[in-house]
Amino acid sequence: MMDGKGITAWLVREVESLLVEDDVGLYEFIWLQRPRFPDTDDQVRFTYAEEALRIVLARGNRRLVWKVWPDFEPVGEVALEGLDDTKWDVQPDGRYVSVAAD
């Protein structure tokens, strides 16, 4: 079984591979982990997701944007410092935060 650093590294690779094709919603950082690590609690997954997000953004050419389901065009930008736990889920009005490749 992987340790926390291994899970984070795996998650970064998964997200980076998805970013080649499209933006990646923050909720996907959690969803990607569930089938691979089914015995891990969501709060622990959230910790790995936060670290993976910081790594992905630090690599450059990435930004956080608001989108509204089902449209795919960004409707606003989000600062990393402005994220709280609620921003990792799709909002009741269909908005969600996504990592966009520039």
Could you give the side-chain donor-acceptor pairs of residues 68-76 under 3.5 Å, partners two or more places apart or in another chain?
none

Measure the spacing between CZ of Phe37 and CG of Leu32 and express it to the nearest 0.5 Å. 10.0 Å

Are Asp3 and Lys5 close enough for a salt bridge, meaning some N to O gap below 4.0 Å? no

Can you tell me how far CZ of Arg45 sits from CH2 of Trp88, rounded to the nearest 0.5 angstrom? 13.5 Å

Compare all side-chain heavy atoms of Tyr48 with those of Met2 and state whether any distance is below 4.5 angstrom. no

Contact summary for Pro35 and Pro38, nearest pair of heavy atoms: O-CD, 3.6 Å

From OG1 (Thr8) to CZ (Arg13), nearest 0.5 Å: 10.5 Å

Are Leu83 and Val12 connected into the same hydrophobic cluster when the rule is that any two of I, L, V, M, F, W, Y join if their side-chain heavy atoms are below 4.5 Å apart? yes

For residues 51-63, which side-chain N or O atoms pair as donor and acceptor with protein atoms under 3.5 Å away, sequence neighbours left out?
{"residue": "Arg62", "atom": "NH2", "partner": "Glu16", "partner atom": "OE1", "Å": "2.7"}
{"residue": "Arg63", "atom": "NE", "partner": "Asp102", "partner atom": "OD1", "Å": "2.7"}
{"residue": "Arg63", "atom": "NH1", "partner": "Glu77", "partner atom": "OE2", "Å": "2.9"}

Here the gap from Glu81 atom CD to Leu64 atom CG, rounded to the nearest 0.5 Å, amounts to 9.5 Å

Within one Ile-Leu-Val-Met-Phe-Trp-Tyr cluster: Leu11 and Phe46, side-chain cutoff 4.5 Å: yes

Taking all atoms of both residues into account, what is the closest heavy-atom pair of Ser98 and Lys67, and its distance? CB-CD, 4.1 Å

Let me have the donor-acceptor pairs involving side chains of residues 24-31, under 3.5 Å, with sequence neighbours excluded, atom names and distances please.
{"residue": "Glu28", "atom": "OE2", "partner": "Gly25", "partner atom": "N", "Å": "2.7"}

Polar side-chain atom of Gln33 near backbone of Asp42 as donor-acceptor pair, under 3.5 Å: no

